[in-house]
Amino acid sequence: MSTRETHTYDVVGVGFGPSNLSLAISLEEHHANVLTDPVTSAFFERQPKFGWHRNMLLPSATMQISFLKDLVTFRNPASRFSFVSFLHAQGRLAQFVNRKNFFPTRQEFHQYLEWAESHLTNQVTYNSAVLGIRRPPGTEPGAVDHLQLEIGDVVRGTTRTVNARNIVVSTGLRPRMPDGVERDERVWHSSEFLTKYGLANPAQLKSVAVVGAGQSAVEITKFFHSRLPHAQVHAIFPAYGYSVADDTPFANQIFDAEAVDDYYFGEDATREAFWRYHRNTNYGVVDDSDIGELYQIAYDEEVSGARRMHFHNLTKVSSVTRDGQSARVRLRRLDGAERELGVDVVVFATGYDPMDPTELLGDLDRHCLRDESGRHRVTRDYRLVTTPELSCGIYLQGATEHTHGLTSSLLSNIAVRSGEIVDAIIKERAERGMVNATAAA
Ligand code: FDA
Ligand code: NAP
């Protein structure tokens, strides 16, 4: 069954993770200042309720950024949606400060996000996957000022359409597996870790492997080692050792809002320097203290002689085959040597691909301009550059590393970025209103 809404929203958000939650707050705070003619908005999220990388909410895993880089503070330090307001509402502001530590656990930050979301539930519809975006039927070939989203009800299997003058796509990272490796009940990606671990019988996991040398890999390796005291734990990674995430003050400036301008308006050589010198702030790197803890585990085993933590460095996984209840993992050392490892479970903590709006855009994508490398062109305020036929706005939160730099998929700049998008939408709406008023006169 399919239903169609006739109302046209000013803004429809695709996905309701931290990025669009921050945008919803920015709109809400705009309304508080402007009492007439509010911007109408709605958000659609495919999950049954709010959740931020739930499958990696491992006990005591900490945030990779300061609590001050929350949904709002860098845009509006006086916002009632800040992490500090959350702590105050929970009655533990003093206790948090007594920790003398900028980094909450991921579980506490998740509570904060849920708390913020609980003030905006009227804005979002869950169990609702946006299946595609298209021109409203019958509008070809002239200009259109609004688009239609097809939304699938994940529970009922029905669809409906919703109209929007502006769409903010914020669908998040996509899990990456090595070519040819398929996931199943023994072969997991880190993004599904806790769900699949919850379905397994820990007593039967006698030998497990974790692939990768990033933050996810080390957190899962530590988790396995502590939760499965009877198991052999194999860590497989291409580097010689784990590399530390550079979060020192000068390097950290690449996550400042100003760095977005330096990147966006910089020359190719400038942009290239961001990646060459600062990729190690985020990709394939691990928090200093987690590396120390893992090394201590290995050293303690060395001392006791009871070794069950095994490191396969300079090694990549080339394929996996299933053999009854076990997985046979093909290891290829960088010197070319190959061997096979049989394990009960192998977890690929092999990272993520960035968001890509192409599939959602479908046929509309031909109206979205691309650069000489085939990547979407995006304005400074995160709007896809389109042919004149599309006068409506399609904004991206994510998928802009090539134009806006390293903060694209991170939390660091979401408060400022969502404010910039809201400002752009409001400015454009005011200009269109003036055009309409002039035309009417
Ligand atoms: P996010 O992925 O959170 O949300 C996208 C939402 O869109 C999801 O809820 C998804 O269900 C929904 N969706 C997707 N397709 C849809 C569709 N077609 N229709 C409807 N809904 C759809 N960064 C950082 O700065 N500091 C940190 O500490 C961390 N920690 C961290 C931990 C882990 C385990 C990972 C994997 C990543 C991080 N990150 C991070 C980076 C991470 O990208 C960031 O924290 C946010 O998740 C970005 O928020 P978004 O809302 O953009 O994406
Ligand atoms: P990642 O940093 O991209 O790391 C992926 C790792 O997998 C790299 O070491 C990569 O090695 C390796 N790899 C890829 N293919 C391989 C193969 N075939 N065989 C062996 N190794 C292979 O991914 P991530 O650790 O999931 O981190 C992604 C993002 O999530 C980061 O922003 C991170 O900060 C964030 N995160 C945060 C937390 C937290 O807040 N506590 C927890 C987890 C993740 P190469 O680099 O050599 O390809």
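Both counts, for ligands and for their atoms, begin at 1 and track the order of listing.
- With hydrogens left out, the protein atom closest to atom 39 (C) of ligand 2 is Arg106 CD, 3.4 Å, a heavy atom.
- Within 4.0 Å of atom 48 (O) of ligand 2, not a single protein heavy atom is present.
- For atom 27 (O) of ligand 2, the choice among Ser216, Pro175, Gly214, Ser318 with the nearest heavy atom turns out to be Ser216.
- Here Phe348 has no heavy atoms under 4.0 Å from ligand 2, in either its backbone or its side chain.
- Among protein heavy atoms, the minimum distance from atom 14 (C) of ligand 2 is reached at Thr350 CG2, 3.6 Å.
- Of the heavy atoms in Pro178, only side-chain atoms (C-beta onward) come closer than 4.0 Å to ligand 2.
- Scanning the protein for heavy atoms near atom 12 (C) of ligand 2, the closest one is Gly212 CA, 3.7 Å.
- Assignment of Ala61 to the shell around ligand 1 is not supported, since no heavy atom sits closer than 4.0 Å.
- At the top of the distance list for atom 37 (C) of ligand 2, counting protein heavy atoms only, stands Gln64 CG, 3.8 Å.
- Counting heavy-atom neighbours within 6.0 Å of Arg308 CZ, excluding the residue itself, gives a total above 12.
- Close approach of ligand 1 to Met63 is summarised as follows: ligand atoms under 4.0 Å from at least one heavy atom of the residue are 28 (O).
- At a distance under 4.0 Å, no protein heavy atom can be found next to atom 39 (N) of ligand 1.
- In terms of polar-atom proximity, Thr62 is counted as a contact of ligand 2, with an N or O under 3.5 Å from an N or O of the ligand.
- Shown in contact with Tyr352 at under 4.0 Å from a heavy atom are these atoms of ligand 1, numbered in order with element: 36 (C).
- At a heavy-atom distance under 4.0 Å, only side-chain atoms of Met56, from C-beta outward, approach ligand 1.
- Closest protein heavy atom to atom 9 (O) of ligand 2: Ala213 N, 2.9 Å.
- Judged by distance alone, with hydrogens and angles left aside, the side-chain atoms of Asn313 form a donor-acceptor pair with the main-chain N or O of Tyr240 at under 3.5 Å.
- Nearest protein heavy-atom contact of atom 38 (C) of ligand 2 is Gln215 CG, 3.6 Å.
- Here the protein heavy atom with the shortest distance to atom 2 (O) of ligand 2 is Gly284 N, 2.7 Å.
- Nearest protein heavy-atom contact of atom 32 (C) of ligand 1 is Arg106 NE, 3.7 Å.
- Using a 3.5 Å distance cut-off with no hydrogens or angles, the side chains of Arg135 and Gln148 do not pair a donor with an acceptor.
- For atom 6 (C) of ligand 2, the closest non-hydrogen atom on the protein side is Ala349 O, 3.5 Å.
- For ligand 1, the atoms lying closer than 4.0 Å to a non-hydrogen atom of Phe44 are 20 (C), 21 (N).
- Within ligand 1, the atoms closer than 4.0 Å to a non-hydrogen atom of Ala129 are 19 (N), 20 (C), numbered from 1 in the order shown.
- Using a 4.0 Å cut-off between heavy atoms, Glu219 contacts ligand 2 through its side chain alone, with no backbone atom that close.
- Contact annotation for Leu173 and ligand 2: no heavy atom of the residue comes within less than 4.0 Å of the ligand.
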